[in-house]
Amino acid sequence: MESLFGDAYAPQDSKSNLYADIIMPVPIPKMFTYKIPRNFADEIGIGYRVIVQFGLKKVLTGIIAKVHQKAPKEYEAKPILDVLDTFATVNPLQIKFWVWMAEYYCCHIGEVMNAALPSGLKLSSQSKIQLNPSYDSDQSPYPLDAREEIILQALASKKELSYEECEDLLGIKSIQGIIKSLIIKEAILVFEKVMEKYSPKVESRIRLCPPYFSDIKALESLFKELANKPKQEEILLKYLQEIPIYQKPELNIKGLDKKVFTDAGMTGSSIKTLIKNGVLEEYKIIISRFEEMNATEEKIILSTEQDEALQQIKTQFEEKNTLLLHGITGSGKTEIYIQLINEALDSGSQVLLLLPEIALTTHMVSRLRKVFGSKMGVYHSKYSDNERVEVWNGVLSGKFSFVIGVRSSIFLPFDSLGLVIVDEEHESSYKQYDPAPRFQARDAVLMLAWLHQAKTILGSATPSFESYYNSRTKKYGYVFLDKRYGGASLPQYQLSDILVDKKKNLLKLDFTRLMREKIQETLNKQEQVLIFQNRRGYAPYIACDDCGWIPECEHCDVSLTYHQFGEEMRCHYCGFKEKVPRVCPACGSGKLGAVGLGTERIEESLSLLFPEARVARMDLDTTRSKYGYQRLLEEFGAGNIDILVGTQMITKGLDFEKVTLVGILDADRILFFPDFRAGERAFQQITQVAGRAGRREKQGTVIIQTRKPDQAIFGQVISGDYKNFYLQEMAERQRFFYPPFVKIIKISTRHKDYKTAEKAARHLHNLMGDIQVKKILLGPEKGLVGKIKNQYIYESFAKLDKSGNAQAHFKHELQGLLMEMQAHKDFRGTRFVVDVDPY
DNA sequence: AGCACGCCGACT
DNA sequence: GTCGGCGTGCTC
């Protein structure tokens, strides 16, 4: 602990007070200095969680970032109220990482803290009221009004009430006034209650009391006594069956889970009787939320190609810290990862494996579980907060030396990472868009690895252009795996021209004749089909057949998407929802219908076209629940589904031998997305979906429906010519100044009045123009979605020189400009959002 | 972000 | 008249 204060300080001898700079979970660009009370001085250090008063009454958890002796000059520091732990919840490397992230992604450190800590580790207080014990309504000189009476009556029975409860009680929006009045009348007291959010999982266990577990005679006589009490006897017999104390009396101490009895249909009341009679005792232990699982798979045998790749990786790691592992789908990257993870763990380091959200529910996890057993922690976005806290603590305690997780797992408290792997590194789900910090985990993890002096592998079958570029410029190492594992063959592609079929009237329910024939063939062979539908821009909506009216969100500048379930229309941006109207509000026509190729509609069309087939759909709607995704996968794997329709999700982790046909319904939609990355994404997506077709010995078929079959990209996808595609796209990007040749920063300006939004955006844009760096400024333009949650949005883009400190300088200047803008009276109420590397 | 203070409309 | 709407400013 001494190291905290630096060698120069000797706090024990010092007369001066100690202060702590504390990170608070609020979006304020500052840390806050609090006084460390003498009695805490020895039990506090960097990364400790403390409770402090923040503002007039709020009590919050903060993280100590620095301890020093400089008393703040302009204000009196408040004292730290309490220290929550006897150890550092956050380590110094993490604090450095947070500071870096806040700077790089232009956000506040409190926002990083919020994203990093599971909320179970962030205690906060809630204001509560209670009856003033010295209050006597008969003696009180102040009469209460009707509403105050209601509150007091409620307090008589409930003891304490939160502000919200009071508001609900009276059905009003703001309770402040009444509470104030009650305080003045000395009827109530206000206090802050800190809520402990994390609760450990507790198991009730049963064991025999002495002398029964060591004294056979006592036990035998006990059985005689229970001869006419069959239920109790049954419980004892069950206990002895599970725990043979005759042979091993020492087993009794560990007892038996109470559930064992209740699961076997025995009643709790008989157990209670046995406890009451001193035969059994009940005790509670804290258990993990994660099942103990032992490693079952010992040795991984690598193919020659895999082994070669492994050796190359090791050689390149001697010189480079980051490496791109470019391995085509099915080339067996996982086995290489396992080997490297094992070696890193053996050398005593920790390992982090990042996976995209949707890949984390698949067989990859169970596969790794078999190899690594319980030392592997899983950090999932669908985990409850209690589970997250347990993973966090597991990393702290050393229980988990290896974690596989989604983007937020980069925040776990590793202290000695040796290896970081980002699988499917091209996946866009590594980028957090909202709220701040708007970070790209694939990039941020490189900083994390650098802080730990760890090695990083970026793995993909279709690398992001950034990573590929970095490998070609020798910034990263590069290893290419181009053989399919187990000698499986690549799929065979066929293009199907939508327009040709349409002319000949062969297009049925959006399926071309070729597509329909191939699906039928596959079904006849008892094999399975995947139909891929890009979600972007494909949400179905309602439109009036007569006048063309389309329902729009009241708060955002988007049309509402149609959900068959409940006949509802919803806004994807603000969550607004509404029932589908019976008649068109614009013209009174009754002809309102759904438009758009949503997965729902495709599922329907397929059922009509192939009535004998079992069709299912996999998208956000059907997999929202924790195990929804897994259940669908199991059904599909078991062969209970013939055709699976899905978005993005079906490109991940589906590895079923019986899938021999993959259909891509409208490749053009991916291709013509208005974004410089459209081509790259299209290549990635088509290749990824196609990779699901035909593994092992069966060759798969991929049918791509398009209106423009003669585009170059199709040829490149079909021949798997990633490199040429890359070179061609890169020429464009260089010419038009797009990443990876420049850095992009997006600045959006939001205001509820569109004139003000536009004015503020222009003003800011002009100011940015004066920043002295080499740059190109675009905009300000109305956002792609012009209004969200009643706020009008204007966007500017800055393209900055990659080399040197152009971007650091720009960001720094920008911060200043934003402060200036915030203070400007013409632009009151304007919000600015900075997104670095928005991609 | 929350939360308190302060200044204007629609109700007893 | 006041209740209560939300605009503005601060948090060590």
Side-chain angles (χ1 to χ4, degrees), chain A residues 17-37 40 44 48-82 102 107-117 119 122-129 145-148 151 162-164 166-167 170-184 190-195 434-438 750-753 756 760 789-791 818-833:
Chain A
N17 284 316
L18 278 176
Y19 295 90
D21 290 346
I22 298 181
I23 303 169
M24 300 302 295
V26 287
I28 303 168
K30 270 186 200 175
M31 292 195 204
F32 295 83
T33 306
Y34 284 83
K35 193 149 71 184
I36 302 176
F40 288 148
I44 264 183
Y48 277 59
R49 292 187 305 153
V50 291
I51 296 271
V52 295
Q53 194 185 95
F54 189 73
L56 286 171
K57 50 187 219 175
K58 204 87 190 145
V59 176
L60 293 176
T61 305
I63 298 284
I64 299 202
K66 195 180 168 190
V67 176
H68 57 83
Q69 290 173 302
K70 268 184 270 159
K73 290 191 191 77
E74 293 90 41
Y75 54 87
E76 181 70 22
K78 284 183 189 168
I80 287 171
L81 297 178
D82 208 349
C107 65
H108 311 304
I109 192 144
E111 293 173 316
V112 181
M113 170 181 170
N114 257 334
L117 281 188
S119 48
K122 285 173 292 195
L123 310 180
S124 68
S125 68
Q126 202 182 15
S127 300
K128 299 255 188 182
I129 58 168
D145 70 21
R147 289 188 295 190
E148 291 169 353
I151 300 282
S162 70
Y163 283 25
E164 293 78 59
C166 294
E167 283 161 6
L170 297 179
I172 57 170
K173 272 205 173 172
S174 169
I175 195 78
Q176 305 293 354
I178 290 160
I179 289 191
K180 232 184 205 169
S181 154
L182 280 168
I183 294 170
I184 293 166
V190 177
F191 64 102
E192 290 294 303
K193 186 167 186 174
V194 176
M195 313 294 228
D434 212 43
R438 298 176 171 78
R750 310 179 181 197
H751 195 272
K752 64 178 170 27
D753 173 60
T756 315
K789 291 181 195 163
N790 288 323
Q791 298 253 313
L818 292 182
M819 300 276 261
E820 204 177 298
M821 293 291 296
Q822 298 279 16
H824 200 303
K825 65 174 171 25
D826 290 357
F827 307 131
R828 272 200 203 112
T830 314
R831 283 212 332 121
F832 299 97
V833 174

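In the text below, chain A, chain B and the rest are named by the order of the sequence lines, each starting its count at 1.
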Is a side-chain N or O of [X] found less than 3.5 angstrom from the main chain of [Y], in a donor-acceptor match?
| X | Y | result |
| --- | --- | --- |
| A:N114 | A:P25 | yes |
| A:K70 | A:Y19 | no |
| A:K122 | A:L117 | yes |
| A:H824 | A:D826 | yes |

How would you label the contact of [X] with the nucleic acid (heavy atoms, under 4.0 Å): base, sugar-phosphate, or nothing?
| X | value |
| --- | --- |
| A:P72 | nothing |
| A:Y34 | sugar-phosphate |
| A:E74 | nothing |

Query raised in the report: When you check the phosphate oxygens OP1 and OP2 of C:dG7, does a side-chain N or O of A:R828 lie under 4.0 Å from one of them?
Result: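 Checking A:R828 against C:dG7: no side-chain N or O falls below 4.0 Å of OP1 or OP2.
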
Expressed in angstrom and rounded to an integer, what is the separation of [X] atom [atom1] from [N] atom [atom2]?
| X | N | atom1 | atom2 | result |
| --- | --- | --- | --- | --- |
| A:N114 | B:dG2 | CG | C1' | 12 Å |
| A:I23 | C:dC12 | CD1 | P | 16 Å |
| A:Q822 | C:dC10 | CD | P | 14 Å |
| A:K789 | B:dA1 | NZ | C1' | 14 Å |
| A:K122 | B:dA1 | NZ | C1' | 12 Å |
| A:I28 | C:dC12 | CD1 | C1' | 10 Å |
| A:F827 | C:dT8 | CZ | C1' | 18 Å |
| A:H68 | C:dC12 | NE2 | C1' | 10 Å |

Considering only side-chain heavy atoms of [X], which listed nucleotide, [options], is closest?
| X | options | value |
| --- | --- | --- |
| A:L56 | B:dA1, B:dG2, B:dA4 | B:dA4 |
| A:K752 | C:dC12, B:dC3, C:dG7 | C:dG7 |
| A:K58 | C:dC12, C:dT8, B:dC3 | B:dC3 |
| A:K57 | B:dA4, B:dA1, C:dC12 | B:dA4 |

Query raised in the report: Quick one: on DNA chain B, does A:Y163 or A:R831 contact a more 5' nucleotide (nearest heavy atom)?
Result: A:R831

**Report entry** Approximate separation, where rounding is to 0.5 Å, of A:Y34 OH and A:I51 CD1
**Finding:** 11.0 Å

